[in-house]
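Index from 1, following the sequence. In this text the structure is predicted, and so the values were computed from the model without any measurement.
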Amino acid sequence: MGKGAILGISAWAKSRARPAHASTARQAILPTLRALAILLVGLGFLAHAASARTATISGVRVTWYGTFTVGKSKRERQPDNALSVQGSKVKPPMVNSEQVAFAPDAMFGFGYELKGEPTDARIKLRYVIKIPAPGAVDKASGKTKLTDEGDLPNLRLGRGDLFIGESLADFKDPPAGTWTIQLWYGDRMLVEKSFVLTK
């Protein structure tokens, strides 16, 4: 390959000395360069697709669950109302609990670690949060909702600081009852955790 590259440069250099052949050399080199660029771009897409296909999820380890607080600098708002953070500013509960005492700004959910191969792979999950009947009125849209759904992109396998949760501050008069949080990978549910909100 190295020899061919040197010959290509040498042929181009000689053509500079013979202007009559310059356009012929350009016509021969430019399609080759275009084909090479297309090939490199195609290989990049194939490599990305291959890495996405080879990521396998063996499971999820729940690291904590219950009510929590989170520093504003690390708080990420997902579409709808879910909270998800990849960082160390979340303060988990002192004791795990599925019971949530009502407070206007209460946040509840769970921390988790994704298990799978390769350990440095990044994946996209989908979350589903089921709200008890009769649903909750979203403060931003004014619509009554029975579910929150959305994507959590670019999550790295093996990280122990991931979490998903719900914030009651985004709802008008959220109902008491069982709120359920699910994480999905494609059509496979990885984990489900329910919390009982009491008033």
Side-chain angles (χ1 to χ4, degrees), residues 48-70 74-93 95-102 106-138 140-141 143-171 174-198:
H48 177 73
S51 67
R53 280 196 306 271
T54 55
T56 56
I57 308 301
S58 58
V60 173
R61 182 176 71 90
V62 174
T63 55
W64 56 264
Y65 57 90
T67 56
F68 63 90
T69 58
V70 63
K74 291 290 182 180
R75 180 170 167 167
E76 294 179 6
R77 177 68 54 200
Q78 297 299 327
D80 296 319
N81 295 315
L83 296 173
S84 177
V85 171
Q86 299 183 63
S88 58
K89 293 294 184 182
V90 63
K91 185 178 178 183
V95 178
N96 290 334
S97 176
E98 295 164 349
Q99 301 298 312
V100 179
F102 176 79
M107 291 182 282
F108 58 93
F110 58 87
Y112 62 97
E113 179 182 358
L114 295 167
K115 300 289 190 180
E117 296 291 337
T119 54
D120 61 345
R122 293 178 181 271
I123 64 163
K124 179 174 78 171
L125 297 183
R126 182 170 60 91
Y127 67 84
V128 177
I129 300 176
K130 297 182 178 182
I131 302 168
V137 178
D138 182 276
S141 67
K143 295 179 180 178
T144 300
K145 304 171 78 169
L146 286 166
T147 60
D148 276 344
E149 295 186 40
D151 292 329
L152 302 171
N154 204 33
L155 301 176
R156 198 183 78 211
L157 301 186
R159 285 190 69 154
D161 58 353
L162 302 175
F163 80 86
I164 181 73
E166 186 68 282
S167 172
L168 297 183
D170 297 309
F171 297 104
T178 302
W179 295 60
T180 300
I181 301 175
Q182 301 172 339
L183 288 178
W184 293 76
Y185 182 55
D187 59 358
R188 175 184 164 205
M189 187 170 68
L190 296 177
V191 63
E192 178 181 72
K193 197 76 183 163
S194 293
F195 300 89
V196 179
L197 176 64
T198 58

Quiz item: Rounded to the nearest 0.5 Å, what separation is found between the NZ atom of Lys145 and the CD1 atom of Ile131?
Solution: 6.5 Å
Exercise. Show the numbers, then the answer: is there a side-chain contact (heavy atoms from CB on, under 4.5 Å) between Asp161 and Val90?
Key: CA-CA 8 Å; Asp161 58 353; Val90 63; over 6 Å; no
Quiz item: Looking only at heavy atoms, what is the nearest atom pair of Ser58 and Gly116, with distance?
Solution: OG-N, 3.7 Å
Quiz item: Phe171 and Ala136: which non-hydrogen atoms are nearest, and at how many Å?
Solution: CD2-CB, 3.4 Å
Quiz item: Centre of Phe110's six-membered ring, under 6.0 Å away, within 45 degrees of the axis: is that where NZ or CZ of Lys193 sits?
Solution: no
Quiz item: How long is the gap from CG on Leu125 to CD1 on Ile57, to the nearest 0.5 Å?
Solution: 7.0 Å
Quiz prompt | Straight-line distance of Thr56 OG1 to Lys115 NZ, nearest 0.5 Å | solution = 13.0 Å
Quiz item: When you measure from the side chain of Thr63 to the backbone N and O of Gly111, does any donor-acceptor pair fall under 3.5 Å?
Solution: yes
Exercise. Give the minimum heavy-atom separation between Ile123 and Ala55, together with the two atoms involved.
Key: CG2-CB, 4.1 Å
Quiz item: Side chains of Leu114 and Leu190: closer than 4.5 Å at any heavy-atom pair?
Solution: yes
Quiz item: Can you name the nearest heavy-atom pair linking Pro134 to Pro175, along with the distance?
Solution: CD-CB, 4.2 Å
Exercise. State, yes or no, whether a side-chain contact exists between Tyr127 and Ile181 at a heavy-atom distance under 4.5 Å.
Key: no
Exercise. Could you check if a side-chain atom of Asp120 sits within less than 4.5 angstrom of a side-chain atom of Leu157, using non-hydrogen atoms only?
Key: no
Quiz prompt | ring-ring contact (aromatic ring centres under 6.0 Å, His included) evaluation trace for Phe163 with Phe68 | solution = CA-CA 10 Å; Phe163 80 86; Phe68 63 90; 5.0 Å; yes
Quiz item: How long is the gap from CG on Asp170 to CG on Asp138, to the nearest 0.5 Å?
Solution: 7.0 Å
Quiz item: Is there side-chain contact between Val100 and Thr198, with at least one heavy-atom pair below 4.5 Å?
Solution: no
Quiz item: Taking the six-membered ring for Trp, are the ring centroids of Phe108 and Trp179 within less than 6.0 Å of each other?
Solution: yes
Quiz item: Which heavy-atom pair separates Arg126 from Val128 by the least distance, and what is that distance?
Solution: NH1-CG2, 3.4 Å
Quiz item: What is the minimum heavy-atom distance between Asp148 and Glu166, and which atoms define it?
Solution: OD2-OE2, 2.7 Å
Practice problem: State whether a side-chain donor-acceptor pair under 3.5 Å links Thr178 with Ser194. | Solution: no
Quiz item: Just by distance, do the side chain of Asn96 and the backbone of Trp64 share a donor-acceptor pair under 3.5 Å?
Solution: no
Practice problem: Measure the CD-NZ distance between Glu192 and Lys130 for me, rounded to the nearest 0.5 Å. | Solution: 6.0 Å
Quiz item: Are Glu113 and Arg159 close enough, and set up right, to give a salt bridge (Lys or Arg N to Asp or Glu O under 4.0 Å), and what steps lead you there?
Solution: CA-CA 6 Å; Glu113 179 182 358; Arg159 285 190 69 154; over 6 Å; no
Exercise. Decide yes or no for Val70 and Met107: does some side-chain heavy atom of the first lie under 4.5 Å from some side-chain heavy atom of the second?
Key: yes
Self-check item: Separation between CD of Glu98 and OH of Tyr65, rounded to the nearest 0.5 Å
Solution: 5.0 Å
